[in-house]
Amino acid sequence: MTTVAAYAAPAPKAPLERTTIERRPVGEFDVLIDIKYAGICHSDIHQAQEGWGEAIFPMVPGHEIAGVVAEAGPGVTRFAVGDRVGVGCMVDSCRECDNCKAGLEQYCTSGMTGTYNAIGKDGEPTYGGYSQKIVVDENYVVGIPDGLSLDVAAPLLCAGVTLYSPLKHWGAGPGKKVAILGMGGLGHMGVKIAHALGAEVTVLSQSLRKKDDGLRLGADHYYATSDPKTFQELTGSFDLIVSTVSAPLDFNAYLTLLKTRGALVNVGAPEEPVALNLFSVIGGGKTLAGSMIGGIAETQEMLDFCAEHGFGAEIELIGADRINEAYERVVDSDVRYRFVIDTATI
């Protein structure tokens, strides 16, 4: 076992504090990663505050991990010491179900093993990226292309693939009108990726205060959802809307913005139930769908795509002593657009 420094929430809603955790020995197919950067995702906050249900404490959050391989087990074939690598939201799955075999490990029918707040096959809790090192099976590790610096690559391991997967699946590209609902840590990546895929991109945000950023990152249009005229003007406009919002929405209103047989795909995860009039879906043959991160192969595809197009996340780099402040600012939507922890400060 290796003892490493980390930041953990000792109990639900408690401030995170510096501590130490034990990492398992490097097994035959494992890699030991020196973590360089870890992104702060809103889902870290949901879980540390038990917003999504009972959780495991102490909790070391973090599933946007970028680092360098420090040691590789004797059976490892995909990575070598010194390789730049990333770890996203999962560190294992059953590997045997149809979904796992199809590269959809995130939908493993036995349940994927989360990078943190989960129990691994060894019966021990998993601890995430707010730490200096992590041991992961090579099959759940991806390579970070040389064209991406590690700090801006870290958020791609969740925010990037969370938007890339539905945009690809629902055919965002030339000739398609795509709306990104919410201009935050997820939404800003949706704008970049949809633009790079060739779609006509609209941002739907509560206000216009981030309009300049949205247009700079690739949006063609930007509307405030707080303005009732927006819904009148944009009725029947979009082939695809991807909602990144983690608060309850009036889905009935947003479904009116779709073209016939358009799709509204939700990647945000509100803590509260939402109301839905099914006639909003039936009328127009529309689809209300969900999407969760991406499989390992798709995550690698996304990283290569971002490197090819020359972009990572827009980040604010912080020291570990500012994690609790960052949590408060994320809740207040006061970040442009992803906090990333320099783990050398842990």
Side-chain angles (χ1 to χ4, degrees), residues 38-47 51-52 61-66 86 88-90 106 114-115 129 152-170 172 178-197 199 201-207 209-211 213-214 216-219 222 225 238 240-249 251 254 263-271 274 289-294 298-299 302-303 305-306 311-316 326-327 329-340:
I40 293 179
C41 179
H42 203 150
S43 61
D44 297 344
I45 301 171
H46 285 297
Q47 295 184 75
W52 290 340
H63 56 209
E64 297 181 338
I65 299 169
C89 300
M90 57 184 154
Q106 75 273 32
T115 304
V152 301
L156 302 182
L157 278 302
C158 175
V161 73
T162 293
L163 273 296
Y164 182 84
S165 185
L167 287 168
K168 286 284 287 187
H169 180 76
W170 294 98
V178 174
I180 303 298
L181 179 52
M183 182 66 183
L186 293 176
H188 91 283
M189 287 308 309
V191 172
K192 288 188 174 191
I193 293 168
H195 173 73
L197 288 168
V201 184
T202 297
V203 173
L204 302 174
S205 186
Q206 282 188 312
S207 73
R209 67 188 179 94
K210 298 178 182 177
K211 180 176 180 179
D213 283 353
R216 174 176 60 86
L217 298 180
Y222 201 109
T225 57
F238 302 110
L240 173 65
I241 301 172
V242 181
S243 172
T244 69
V245 178
S246 59
L249 293 174
F251 282 109
Y254 287 99
L264 170 55
V265 182
N266 196 63
V267 299
E271 295 180 4
V274 297
S291 181
M292 185 176 71
I293 57 172
E298 188 171 46
T299 303
M302 174 275 305
L303 287 168
F305 177 87
C306 291
F311 64 81
E314 304 290 304
I315 69 167
E316 182 175 336
Y327 272 30
R329 287 179 56 191
V330 169
V331 172
D332 291 339
S333 299
D334 180 25
V335 55
R336 296 195 180 186
Y337 282 89
R338 203 64 152 187
F339 284 115
V340 172

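For reference, positions follow the sequence shown, starting with 1.
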- Message: Measuring from atom CE of Met292 to atom CE of Met90, what distance do you get when rounded to the nearest 0.5 angstrom?
- Response: 7.5 Å

- Message: Working to the nearest 0.5 angstrom, can you tell me the gap between Leu197 CG and Leu163 CG?
- Response: 10.5 Å

- Check: Trp170 and Val265 side chains under 4.5 Å, non-hydrogen atoms: yes

- Item | His63 vs Ser43 side-chain heavy atoms within contact, under 4.5 Å | yes

- Separation between CD1 (Ile180) and OG (Ser205), nearest 0.5 Å, reads 12.0 Å

- Query: With a 3.5 Å cut-off and no angle check, do the side chains of Gln206 and Thr225 form a donor-acceptor pair?
  - Reply: no

- Taking the side chain from Thr115 and the backbone from Cys89, do they hold a donor-acceptor pair closer than 3.5 Å? yes

- Calculate, to the nearest 0.5 Å, the distance between atoms CD1 and CD1 belonging to Ile40 and Ile45 respectively. 7.0 Å

- Query: Within the distance-only criterion (no hydrogens, no angle test), does the side chain of Asp213 pair as donor or acceptor with the backbone N or O of Lys210 below 3.5 angstrom?
  - Reply: no

- Okay, side chain of Ser165, backbone of Val161: is any donor-acceptor separation there less than 3.5 Å? no

- Query: So, do Pro155 and Phe339 sit near enough that their side-chain heavy atoms are less than 4.5 Å apart?
  - Reply: no

- Are Ile65 and Leu157 side-chain neighbours, meaning at least one heavy-atom pair lies under 4.5 Å? no

- First locate atom CE of Met183, then atom OG of Ser333, and finally report the distance between them rounded to the nearest 0.5 Å. 12.5 Å

- Message: Has Thr244 got a side-chain atom pairing as donor or acceptor with Leu181's backbone, closer than 3.5 angstrom?
- Response: yes

- Does the side chain to side chain contact (heavy atoms under 4.5 Å, CB included) test come out yes or no for Ser291 and His169, once each step is laid out? CA-CA 10 Å; Ser291 181; His169 180 76; over 6 Å; no

- Item | Min side-chain heavy-atom separation Val274-Phe251 under 4.5 Å | yes

- Query: Okay, side chain of His188, backbone of Glu314: is any donor-acceptor separation there less than 3.5 Å?
  - Reply: yes

- Item | Salt-bridge contact Glu316-Arg329 (side-chain N to carboxylate O under 4.0 Å) | yes

- Go through Asp44 and Tyr327 one step at a time and tell me if the side chain to side chain contact (heavy atoms under 4.5 Å, CB included) criterion holds. CA-CA 9 Å; Asp44 297 344; Tyr327 272 30; 3.5 Å; yes

- Apply side chain to side chain contact (heavy atoms under 4.5 Å, CB included) to the pair Ser243 and Val267, showing each step before the final yes or no. CA-CA 6 Å; Ser243 172; Val267 299; over 6 Å; no

- Ala159: what forms a side-chain contact (heavy atoms from CB on, under 4.5 Å) with it, not counting sequence neighbours? Glu64, Leu186, Met189, Arg338

- Message: Tell me whether His195 contacts the main-chain N or O of Lys192 through its side chain, where contact means a donor paired with an acceptor under 3.5 Å.
- Response: no

- Message: Using side chain to side chain contact (heavy atoms under 4.5 Å, CB included), reason through Phe238 and Thr202 one step at a time and then give a plain yes or no.
- Response: CA-CA 9 Å; Phe238 302 110; Thr202 297; 3.6 Å; yes

- Please confirm whether the backbone N or O of Gly268 pairs with a side-chain atom of Asn266, one donor and one acceptor, at under 3.5 Å? yes

- Query: Atom CG of Leu167 and atom OH of Tyr164: how far apart are they, to the nearest 0.5 Å?
  - Reply: 9.5 Å

